[in-house]
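One-based numbering, in listed order, for ligands and for the atoms of each. Below, each value reflects all heavy atoms present in this structure, side chains not excepted, and no hydrogens, waters or symmetry copies.
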Amino acid sequence: MEGNTILSIRNVRVVFEDGFTALGGVSLDIGENEFVTLLGPSGCGKTTLLRCIGGFEKPTSGEILYKGENIIPLPPYKRNINTVFQRYALFPHLNVAQNVSFGPDLRHEDKKATAKRVSEMLELVGLAGFDKRRIASLSGGQQQRVAIARALINSPDVLLLDEPLGALDLKLRREMQLELKRIQRESGITFIFVTHDQEEALTMSDRVAVMRSGEILQLGTPVDIYNEPQSAFVADFIGASNILPSTMVRDRLVHFLNVDFPCVDAGFGENAPVDVVLRPEDVKLKPETDPVDAPLGVVESLLFKGVHYEMKVRCGQDVLLVHSTHAREVGMHVKITVAPEDIQVMHKSDFSPDVRKREGSVQ
Ligand SMILES: Nc1ncnc2c1ncn2[C@@H]1O[C@H](COP(=O)(O)OP(=O)(O)O)[C@@H](O)[C@H]1O
Ligand SMILES: [Mg+2]
């Protein structure tokens with residue numbers, strides 16, 4: 001994280017009345033002007049964490065510091081934090097401008113100054129001139145923008161967004177992702193964004209916190225999370241396709257596909273069970289006749305995907321997904337190579353593919 005910390009979430013636990021632990025001691029520092037995304041499957045505690053930050057849920061224990069001050073005793077309206085909810089909750093009987101000016105009007109702020117701010121906010125969210133429009137006459141994307149303008153007019157330091165794009169179709173969703181990113185940059189407000197969509201998280205965020213079962217499993221930049229997942233769950237959730245149970249022979253040597261591969265990782269011990277992630281684009285197929293010492297596989301399927309070919313290559317028990325601009329025909333025998341720096345070694349966890357297979361539980 002660069003810059004000053006604006007929010008510091010420290011060991012926040014939420015245990016509901018029925019005894020269910022929704023957050024098991026979450027810690028996270030968020031910087032000024034940062035775009036942080038909470039990413040994880042449904043039910044992992046994203047909304048609960050956001051509600052704690054917004055003041056709608058009181059943690060069972062832990063602290064939430066805003067510029068160094070514990071804000072847990074403060075009600076939502078006394079926090080300089082606004083929320084855009086999953087359902088936009090606009091007022092259908094008010095027009096666009098009246099929806100946006102709702103907060104300032106409630107506080108009886110100067111009408112003229114508010115009108116000016118409304119125009120500025122509508123401009124910022126790309127709805128200049130929509131002031132008098134009825135909410136029902138707007139598309140989903142436009143309603144979303146009104147909800148954002150309505151939150152931004154209060155000049156919060158932090159904006160919480162709970163799956164705000166979930167109701168939009170894919171094309172609109174992509175557009176709004178870029179729009180939100182632009183609004184965040186131009187407004188200089190810290191965004192804490194919630195989604196279960198990995199692509200959305202990787203596209204928009206400065207940093208991503210990957211959550212599972214009330215915990216943050218990994219926190220990092222999109223590039224870190226994508227290139228260096230630290231567990232099979234994170235690798236799987238952000239869309240990695242080749243996760244192989246493996247053995248770390250010793251530092252910088254890992255065994256999978258029945259072969260020892262040189263790698264760059266160390267510190268896992270000797271003959272230690274690990275998981276390995278291989279990106280489909282990092283697996284390079286060579287002709288069977290190539291002199292390189294590498295495991296043999298057979299091409300089981302070949303699909304043209306536009307930019308690249310997608311192949312499935314069987315090697316013993318394992319089937320690898322391979323992306324390449326070079327097609328290999330089905331039935332062809334190939335040698336499977338991976339550069340040492342393209343092998344990502346991870347500690348074993350309860351989500352490891354072989355562990356899940358044994359338990360017979362597939363998530
Ligand atoms: N008031 C509540 N009482 C008991 N369990 C709850 C309550 N609110 C949420 N939960 C449970 O807490 C877990 C996390 O919920 P939530 O934070 O909404 O997840 P997410 O937003 O990641 O989908 C879920 O299993 C949910 O059923
Ligand atoms: Mg939720």
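Between F20 and F16, the ring centre distance reaches or exceeds 6.0 Å. Residues H255 and F261 place their aromatic rings such that the two centres sit no closer than 6.0 Å.
For E329, the salt bridge (Lys or Arg N to Asp or Glu O under 4.0 Å) test picks out no residue, with sequence neighbours left out.
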*Would you please test E109 and R107 for salt bridge (charged side-chain N to carboxylate O under 4.0 Å, His left out) and show each step?*
CA-CA 5 Å; E109 287 177 16; R107 296 188 294 270; 2.8 Å; yes

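Aromatic ring orientation, H323 versus H308: parallel (interplanar angle below 30°, classes split at 30° and 60°).
For ligand 1, the protein residues within 4.0 angstrom (heavy atoms only) are F16, D18, F20, A22, P41, S42, G43, C44, G45, K46, T47, T48.
Residue contact annotation: T48 places no N/O/S atom under 2.8 Å from the Mg ion (ligand 2).
Salt-bridge formation is not detected for the pair K116/D110: no Lys NZ or Arg NE/NH1/NH2 atom is positioned less than 4.0 Å from an Asp or Glu carboxylate oxygen.
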